[in-house]
Amino acid sequence: MSYAPKRADFSIPVRINLYSDTQTRPSRAMKEAMMEAEMGDEQGGSDPSVWALCDYAAALLGKEAAMFLPSGTMCNQVAIATHCRPGDEILAHEDAHIQSSEAGGPGAISGVLIRGLPGDRGIFDAEALRAAIRPISRYSPAQTLVEVEQTANKGGGACWSVDGLRAVADVAHAHGMQVHMDGARLMNAAVALGAPASEIAAPCDTVWLDFTKGLGAPLGAVLAGSEAFIGEAWRWKQRLGGSMRQGGMNAAACLYSLQHNIPRLAEDHANAAVLARGMAQIPGITVEAPETNLVFFDTRGTGLTVPEFAARLRPHGVTVSTTDTYRGRACLHLDVSAAQVEEAVSIMRRVLAA
Ligand SMILES: *Cc1c(COP(=O)(O)O)cnc(C)c1O
């Protein structure tokens with residue numbers, strides 16, 4: 001078994017990339033910001049561009065301090081390792097990214113268990129959390145962390161409301177647990193809810209956001225929390241190889257994305273709504289109503305699996321991704337225009353009629 005990714009077929013260009021909002025390319029202006037970045041030694045504390053990014057991100061998220069990391073996955077792993085001890089239990093939605101998509105990292109790195117909670121669209125409520133709290137005894141794992149995903153990826157890009165977060169965090173804190181937010185798409189939620197990121201993150205002790213999703217930067221994520229937490233987390237950043245050297249070039253791209261690419265996320269949400277409406281009119285396809293930039297659809301009624309559907313789209317330069325045999329995902333981001341959404345729908349209609 002090889003776990004290496006298959007080399008892409010470069011002979012057929014991808015023109016309309018609905019596969020993932022991670023596949024955006026840095027714009028010319030972003031690259032210029034990278035070229036002009038002042039740099040130093042990130043792990044030695046002397047890279048001014050990384051400090052500028054961390055200060056800006058901490059303020060945006062309403063936290064005391066932040067650290068720059070290469071990926072969102074590493075943000076989750078560093079946060080979990082810092083919050084928990086081996087044998088602890090994390091409470092998270094059963095479809096959480098930390099559960100399904102991080103190669104068992106919480107178990108392998110931190111020695112923790114994850115208990116999956118039920119809830120519609122990747123979101124659980126205070127009742128579900130309360131029901132999962134174990135009596136404190138020598139038999140039970142210590143429950144130390146509640147994890148929430150904003151937006152809920154496999155939940156269709158659904159947003160946690162600020163009230164829902166507060167209610168869950170109140171229960172967690174009343175039981176001595178910390179709350180960690182996987183904010184891979186937190187800025188999409190902030191735009192969709194019309195609420196500042198700091199208000200959304202306020203009920204959570206730690207939060208991170210990804211620069212390589214809809215924000216359009218080539219690399220990086222930022223983890224924020226109290227000064228004491230970030231101070232403690234630095235040992236895990238170092239241990240996992242997440243401390244960088246001339247990180248400033250990438251930090252400059254990330255800072256550029258925060259300063260220029262947030263309001264335009266609304267365009268992605270509008271495009272997602274148009275794509276969803278268009279796809280819903282194609283015979284055999286059903287669509288989950290999008291809340292942000294992710295459009296999940298079901299191909300069962302067409303008689304095709306998602307990989308079969310995707311294979312028909314690929315020669316036309318359109319890509320979508322597979323979540324399950326019949327459940328697929330199309331992502332909107334800054335490299336897909338409104339006109340391309342219309343074109344993608346007509347290509348989908350055509351390949352299914354053929
Ligand atoms: C993409 C994603 C991650 C991981 O982020 P990377 O930067 O790709 O490592 C974590 N959680 C969620 C919800 C995501 O969508």
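Read the numbers this way: they start at 1 and go in the same order the structure lists the ligands and their atoms. What you are looking at is a predicted structure, and each value in this text was computed from that prediction instead of being measured.
- Below 4.0 Å from some heavy atom of Glu102 lie the following atoms of ligand 1, by number and element: 10 (C).
- Within the 4.5 Å cutoff, no side-chain heavy atoms of Asp205 are placed close to those of His180.
- Taking the side chain as every heavy atom from C-beta outward, His93 and Ile123 never approach each other to under 4.5 Å.
- In terms of polar-atom proximity, defined here as any N/O pair under 3.5 Å, Gly72 does make such a contact with ligand 1.
- Each of the following atoms of ligand 1 lies closer than 4.0 Å to a heavy atom of Asp210: 5 (O), 6 (P), 7 (O).
- Protein heavy atom at the shortest distance from atom 10 (C) of ligand 1 is His97 ND1, 3.2 Å.
- Annotation: Glu149 places no N or O atom under 3.5 Å from an N or O atom of ligand 1; distance criterion only.
- At least one N or O atom of Arg185 sits closer than 3.5 Å to an N or O atom of ligand 1.
- With hydrophobic clusters built from ILVMFWY side chains whose heavy atoms lie under 4.5 angstrom apart, Leu255 does not share a cluster with Trp51.
- Closest protein heavy atom to atom 11 (N) of ligand 1: Asp182 OD2, 2.5 Å.
- For Thr73, a nitrogen or oxygen atom sits less than 3.5 Å from a nitrogen or oxygen atom of ligand 1, counting backbone and side chain alike.
- Under a cut-off of 6.0 angstrom, the local environment of CZ in Arg25 is sparse, with at most 12 non-hydrogen atoms contributed by other residues, nucleotides or ligands.
- The cluster map of Ile, Leu, Val, Met, Phe, Trp and Tyr, joined by side-chain heavy atoms under 4.5 Å apart, puts Met187 and Val148 in the same cluster.
- With ligand atoms numbered from 1 in the order given, ligand 1 contributes 7 (O), 9 (O) to contacts under 4.0 Å with heavy atoms of Ser71.
- Assignment of Trp208 to the shell around ligand 1 is supported, since a heavy atom sits closer than 4.0 Å.
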Could you pull out all donor-acceptor pairs under 3.5 Å where a side-chain atom in residues 305-315 meets a protein atom, sequence neighbours excluded?
from	atom 1	to	atom 2	distance (Å)
Thr305	OG1	Glu308	N	3.1
Thr305	OG1	Glu308	OE1	3.4
Glu308	OE1	Thr305	N	2.9
Arg312	NH1	Val351	O	3.1
Arg314	NH1	Ile12	O	3.2
Arg314	NH2	Asp9	O	3.2
Arg314	NH2	Ile12	O	2.6

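- Taking the side chain as every heavy atom from C-beta outward, Lys154 and Ser101 approach each other to under 4.5 Å.
- Only one option out of Arg245, Lys237, Gln246 pairs with Glu42 in a side-chain hydrogen bond (donor to acceptor under 3.5 Å, both in side chains); it is Lys237.
- Considering both main-chain and side-chain atoms, Lys213 comes within under 3.5 Å of ligand 1 through a nitrogen or oxygen pair.
- Which parts of ligand 1 touch Ala184 is read off a 4.0 Å heavy-atom cut-off, strictly below it: atoms 2 (C), 11 (N), 12 (C), 13 (C), 14 (C), 15 (O).
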